[in-house]
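As a basis for the values below, the full set of heavy atoms in this structure was taken, side chains included, without hydrogen atoms, waters or symmetry mates. Numbers for residues simply follow the sequence, beginning at 1.
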Amino acid sequence: NNIYVIINESYPNFRNQNLKNNLFKKIVSKNNNLNIQKFKKKWNRSISTQGSEMNFFCGKEVDYEDFKKSDLEQFLERNNCWINNMKNKNLIYIHSYKESFFNRSRYKNFFNKSYFRKDLHQLGIKKCKQKFDGVCDYDVINNINKLIKKKSNNFVIFLTLNNHIPAEPITKKKYIDCENVFPLNLSKQFCIIYNNQMFFNESLSKFISNDMGENDLLVLFSDTPPMFPGKRRIHFEDTIDIYFIKKI
């Protein structure tokens, strides 16, 4: 029915399994009748978040330099990318930042509807102040019905923003006492992105409960591990977790 894909900026996939498990439990613990599958994938160290999008759109080796400068619809057709098979659905693209960043305005021809920072703010989505000054990811999820007019047959891709390093606190709510938990106590940024993600995952849990219907599918994965220097990045897993959550 509906497919929701969330490409999560810098999902904090810590090697500490308690931290990692608590993040996922925040999404699913209050939801029943879910079919959950977990996968892992490698990530490309030479390309950015947009490279992660390219890999998702095509699922095979394609030319990144060509991708960056091409109209998305033409690129996908030229490379016979798998996502062309989704054209029978209502295609929606959402990004919490401005469309000029990495020239994502070139995505518009492929998607039936696209929303960027300006569009989302005009719809009343809250702004989140940070270095990359966009709207609040959690408020996009909380107001998803404003963005999706059709009840069925939607294919939605949402690229988040708020955990882009360096991150700012999105909520005053403290889910964990970072001072007493390793490795959160090593870096203020570790603590910020963890609490931000817990807050976002809490909104995801409500989205699953209230907005997803039977046989809807949510796919959640990170663009890359959080981009800290090497001595900090060792505290994160070196692969990307992909979660498939189907409501049954």
task: Take L217 and I245 through the side chain to side chain contact (heavy atoms under 4.5 Å, CB included) test and state the conclusion after the steps.
output: CA-CA 6 Å; L217 175 67; I245 304 171; 5.8 Å; no

- request: Could you please spell out the steps behind the side-chain hydrogen bond (donor to acceptor under 3.5 Å, both in side chains) verdict for N162 and Q130?
  value: CA-CA 8 Å; N162 298 156; Q130 52 191 164; 3.0 Å; yes

- prompt: Is there a salt bridge (charged side-chain N to carboxylate O under 4.0 Å, His left out) between E202 and K26 once you walk through the steps?
  reply: CA-CA 6 Å; E202 199 167 70; K26 183 61 68 175; 3.6 Å; yes

query: Passes side chain to side chain contact (heavy atoms under 4.5 Å, CB included), I141 versus F200? Steps please.
result: CA-CA 8 Å; I141 291 294; F200 181 72; 3.6 Å; yes

message: One pair to check against side-chain hydrogen bond (donor to acceptor under 3.5 Å, both in side chains): Y11 and N201. What are the steps and the verdict?
response: CA-CA 11 Å; Y11 193 94; N201 287 5; 3.2 Å; yes

- prompt: N22 and N18: side-chain hydrogen bond (donor to acceptor under 3.5 Å, both in side chains), yes or no, with the steps?
  reply: CA-CA 6 Å; N22 287 339; N18 286 333; over 6 Å; no

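Between the side chain of K118 and the backbone N or O of Y115 there is no donor-acceptor pair closer than 3.5 Å. In this structure, the side chain of N16 engages the main chain of L19 through a donor-acceptor pair within 3.5 Å. No donor-acceptor pair under 3.5 Å is formed between the side chain of K127 and the backbone N or O of R117. Panel note: side chain N143, backbone K146; no donor-acceptor pair is recorded below 3.5 Å. A donor-acceptor pair is defined here as one N or O able to donate and one able to accept, closer than 3.5 Å; such a pair exists between the side chain of D63 and the backbone of D66. Between the N80 side chain and the L76 main chain, no donor and acceptor come within less than 3.5 Å of each other. Of the possible polar contacts, none joining the K129 side chain to the I170 backbone as a donor-acceptor pair under 3.5 Å is found. Side-chain atoms of N13 come within 3.5 Å of backbone atoms of T239 as a donor-acceptor pair (strictly under, hydrogens ignored). At least one donor-acceptor pair closer than 3.5 Å links the side chain of D139 to the backbone N or O of K126. At least one donor-acceptor pair closer than 3.5 Å links the side chain of T160 to the backbone N or O of E9.
The shortest distance between side-chain heavy atoms of I94 and S114 does not fall below 4.5 Å. Side chains of L91 and F110 form a contact here, defined as non-hydrogen atoms less than 4.5 Å apart. Side-chain contact between D223 and N8 is absent, with no heavy-atom pair separated by less than 4.5 Å. Side-chain atoms of I242 and K40, non-hydrogen and from C-beta on, never get closer than 4.5 Å to each other. Side-chain contact between S70 and R78: present, with at least one pair of heavy atoms (C-beta onward) separated by less than 4.5 Å. The shortest distance between side-chain heavy atoms of M212 and K247 falls below 4.5 Å. In this structure the side chain of P226 reaches within 4.5 angstrom of the side chain of I193, judged on heavy atoms. Considering only heavy atoms from C-beta on, K20 comes within 4.5 Å of E237 through its side chain.
Residues F236 and P12 come closest through the heavy atom pair CE2-CA, 4.0 Å. Taking both residues in full, the closest heavy atoms of E168 and N196 are given as O-ND2, 3.0 Å, listed atom of the first, atom of the second, then distance. The two residues C178 and N195 come nearest to each other via the heavy atoms SG-ND2, 3.8 Å. Looking at every heavy atom in both residues, P166 comes nearest to Q189 through CA-OE1, 3.3 Å. Taking all atoms of both residues into account, the shortest heavy-atom contact from I240 to S222 is CG2-O, 3.5 Å. Residues Y97 and D133 come closest through the heavy atom pair CE1-N, 3.6 Å.
Using a 4.0 Å cut-off between charged nitrogen and carboxylate oxygen, E73 and K108 do not count as a salt-bridge pair. The pair K87-E77 counts as a salt bridge, with a side-chain nitrogen and a carboxylate oxygen less than 4.0 angstrom apart. E99 has no carboxylate O lying under 4.0 Å from a charged side-chain N of R104, or vice versa, which leaves the two without a salt bridge.
A donor and an acceptor atom, one from each side chain of D177 and N180, are located under 3.5 Å apart.
Hydrophobic clustering (side-chain heavy atoms under 4.5 Å, transitive across Ile, Leu, Val, Met, Phe, Trp, Tyr) keeps I148 apart from V5. Transitive grouping of hydrophobic side chains (ILVMFWY, heavy atoms separated by less than 4.5 Å) brings L159 and W43 into a common cluster. Grouping the Ile, Leu, Val, Met, Phe, Trp and Tyr side chains by contacts below 4.5 angstrom, directly or via other members, places F158 apart from Y107. Each of I6 and M86 belongs to its own hydrophobic cluster when Ile, Leu, Val, Met, Phe, Trp and Tyr are linked at side-chain heavy-atom distances under 4.5 angstrom. The cluster map of Ile, Leu, Val, Met, Phe, Trp and Tyr, joined by side-chain heavy atoms under 4.5 Å apart, puts I125 and F101 in different clusters.
Checked options K41, R233, R45; the residue passing with D238 is R45 (criterion: salt bridge (Lys or Arg N to Asp or Glu O under 4.0 Å)). Between Y243 and the options F221, F39, F24, a ring-ring contact (aromatic ring centres under 6.0 Å, His included) holds for only F24. The side-chain hydrogen bond (donor to acceptor under 3.5 Å, both in side chains) with N2 is formed by just one residue from the set N215, D211, N154, N153; it is N154. If you run side chain to side chain contact (heavy atoms under 4.5 Å, CB included) between F111 and each of V156, I157, N90, I92, only I157 comes through.
Seen from the ring of F190, K188 does not count as a face-on cation partner, given the 6.0 Å and 45° thresholds. Geometric assessment of R106 against the ring of F67 yields a positive cation-pi assignment under the 6.0 Å and 45° thresholds.
Counting non-hydrogen atoms of neighbouring residues, nucleotides and ligands closer than 6.0 angstrom, the CD atom of Q122 exceeds 12 such neighbours. With a 6.0 Å radius and a threshold of 12 heavy atoms from other residues, nucleotides or ligands, K131 has its NZ atom at or below the threshold.
Between Y93 and F116, the distance separating the two ring centers is shorter than 6.0 angstrom. In this structure, H235 has its ring center closer than 6.0 angstrom to the ring center of F182. A centroid separation of less than 6.0 Å is found between the aromatic rings of F207 and Y4.
Between atom CZ of residue R232 and atom OG of residue S187 there is a gap of 5.0 Å, rounded to the nearest 0.5 Å.
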